[in-house]
Protein chains: 2
Amino acid sequence: MDYYLEYTKVFKALGDPKRAMIVDMLSCGELCACDILEKFEMSQSTLSHHMKILCECGLVKGRNEGKWTYYTLVDETIGKTKQFFCTITTDKENCICRDKTNCCWRGNENE
Amino acid sequence: MDYYLEYTKVFKALGDPKRAMIVDMLSCGELCACDILEKFEMSQSTLSHHMKILCECGLVKGRNEGKWTYYTLVDETIGKTKQFFCTITTDKENCICRDKTNCCWRGNENE
DNA sequence: ATATCATATCGAAGAATTTAGATATGAGGT
DNA sequence: ACCTCATATCTAAATTCTTCGATATGATAT
């Protein structure tokens with residue numbers, strides 16, 4: 001069930017309004033952590049934590065330049081996530097609802 | 001910031017692989033709770049809790065018929081959520097990154 | 001080499017989420 | 001009326017998330 005897990009990580013990352021807002025900010029181009037921090041009322045360590053979550057799910061990537069870290073959105077992940085969202089919300093031949101086994105999700109056994 | 005909050009609820013709901021899988025199952029049409037429960041290794045009360053979260057964010061709605069509850073996806077929410085996802089990941093004139101005030105997210109003060 | 005700046009990591013507290021068992025509700029059947 | 005079935009709600013334990021202060025790291029400037 002890695003398939004679901006991969007994309008639910010992205011959704012979980014976007015499930016926090018501050019992180020969704022950070023993504024929105026990055027949609028117009030690269031920003032460094034300090035630019036983002038300026039806009040929010042949160043500590044530097046909290047922002048760093050949120051950026052890590054956004055990076056770990058693949059939605060954002062960081063680039064170091066001198067003492068700064070610049071962040072950008074990752075188009076490929078965005079595209080794949082849109083695709084995933086469409087897939088799970090659209091009728092289809094090979095949907096899990098037609099799978100007759102009763103084990104489509106059993107925790108971590110297949111990870 | 002109700003705008004972000006509204007959709008981040010949907011993402012949070014989809015941020016659990018079991019719930020994403022339930023949505024996938026519903027994509028081919030209405031199912032009752034017992035149909036869904038059959039496919040998963042989870043207790044009835046846990047499923048009921050997950051269905052509540054999916055309903056509360058507007059992604060799913062329930063319909064009672066006799067002793068059964070039938071669930072379906074809500075197309076309108078799906079469409080709006082796609083739109084939101086596109087908006088926050090696409091460059092745009094009125095992006096919050098161009099908003100010069102430094103208060104775009106301050107917790108609940110505007111709710 | 002030392003000081004400063006930007007960012008990351010650690011550690012801990014509090015809040016929220018996930019889960020299941022027990023119980024409640026409400027519809028149907030006998 | 002009573003029993004059973006499907007689902008919801010309550011409660012509580014375990015886990016995960018969020019946040020921040022303190023500290024570490026690593027780059028640049030003096």
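Because the structure is a prediction, the values reported are computed rather than measured. Residue numbers begin at 1 in each chain, while the letters A, B, ... track the order of the sequences.
- Judged purely by distance below 3.5 Å, without hydrogens or angles, the side chains of B:Lys92 and A:Ser27 pair a donor atom with an acceptor atom.
- Contact of the B:Cys86 side chain with the A:Lys82 side chain is registered, since non-hydrogen atoms from C-beta on lie closer than 4.5 Å.
- Dashed line: the shortest gap from a side-chain N or O of B:His50 to OP1 or OP2 of C:dT19 is under 4.0 Å.
- The distance from atom CD of B:Glu56 to atom P of C:dA16 is 15 Å, rounded to the nearest whole Å.
- Taking the charged nitrogens against the carboxylate oxygens, A:Glu30 and A:Arg63 do have a contact shorter than 4.0 Å, which makes a salt bridge.
- Using a 4.5 Å heavy-atom cutoff, the side chains of A:Ile78 and A:Leu59 are in contact.
- Summarising the geometry, the separation between CZ on A:Phe40 and C1' on D:dT18 is reported as 15 Å, rounded to the nearest angstrom.
- Applying a 4.0 Å cut-off to non-hydrogen atoms, the residues of residues 61-71 of chain B that approach DNA chain D are B:Lys67, B:Trp68, B:Thr69, B:Tyr71, listed by residue number.
- In terms of polar N and O atoms assigned as donor or acceptor, the side chain of B:Gln44 never comes within less than 3.5 Å of the base of D:dA6 in a complementary pairing.
- Side-chain nitrogen and oxygen atoms of A:Lys52 include none within less than 4.0 Å of the OP1 or OP2 phosphate oxygen of C:dT7.
- Nearest heavy atom pair, residue A:Gly15 against residue B:Lys12, reads O-CE, 3.3 Å.
- Classified by interplanar angle (parallel below 30°, tilted 30° to 60°, perpendicular above 60°), the ring pair A:Phe11/A:Phe85 is perpendicular.
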Where each pair must be Watson-Crick or G-U wobble with both distances under 3.5 Å, what dot-bracket representation of DNA chain D is obtained, with crossing pairs in [ ] and other-strand partners as |? ||||||||||||||||||||||||||||||
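- In this structure, the CG atom of A:Leu54 is 14 Å from the C1' atom of D:dT18, given to the nearest Å.
- Contact of the A:Thr87 side chain with the A:Tyr7 side chain is not registered, since no non-hydrogen atoms from C-beta on lie closer than 4.5 Å.
- Distance A:Ile36 CD1 to C:dA8 P: 10 Å, rounded to the nearest Å.
- One atom, CZ of B:Arg19, and another, C1' of C:dT18, lie 9 Å apart when rounded to the nearest Å.
- The phosphate of C:dT18 has neither OP1 nor OP2 within less than 4.0 Å of any side-chain N or O from B:Thr46.
- We find that CG of A:Leu37 is positioned 10 Å from C1' of C:dT7, with the value rounded to whole Å.
- Taking atom NZ of B:Lys12 as the reference point, atom P of D:dT16 lies 16 Å away to the nearest angstrom.
- Residue B:Leu14 is tested with A:Thr8, A:Ile88, A:Leu14, A:Val10 for a side-chain contact (heavy atoms from CB on, under 4.5 Å); the sole match is A:Ile88.
- Using a 4.0 Å cut-off, some side-chain N or O of A:Ser48 falls inside it from OP1 or OP2 of C:dA8.
- Closest approach to the A:Asp16 side chain among D:dT18, C:dT7, C:dT9 is made by D:dT18 (side chain taken as heavy atoms from C-beta onward).
- Between B:Tyr4 and B:Phe84, the ring planes lie perpendicular to each other; the angle is over 60°, past the 30° to 60° tilted range.
- Taking atom NE2 of A:His49 as the reference point, atom P of C:dA13 lies 17 Å away to the nearest angstrom.
- Distances shorter than 4.0 Å separate some side-chain N or O of A:Ser43 from OP1 or OP2 on D:dC20.
- Both A:Ile53 and B:Cys34 lie near DNA chain D, and the one whose nearest nucleotide falls closer to the 5' end is B:Cys34.
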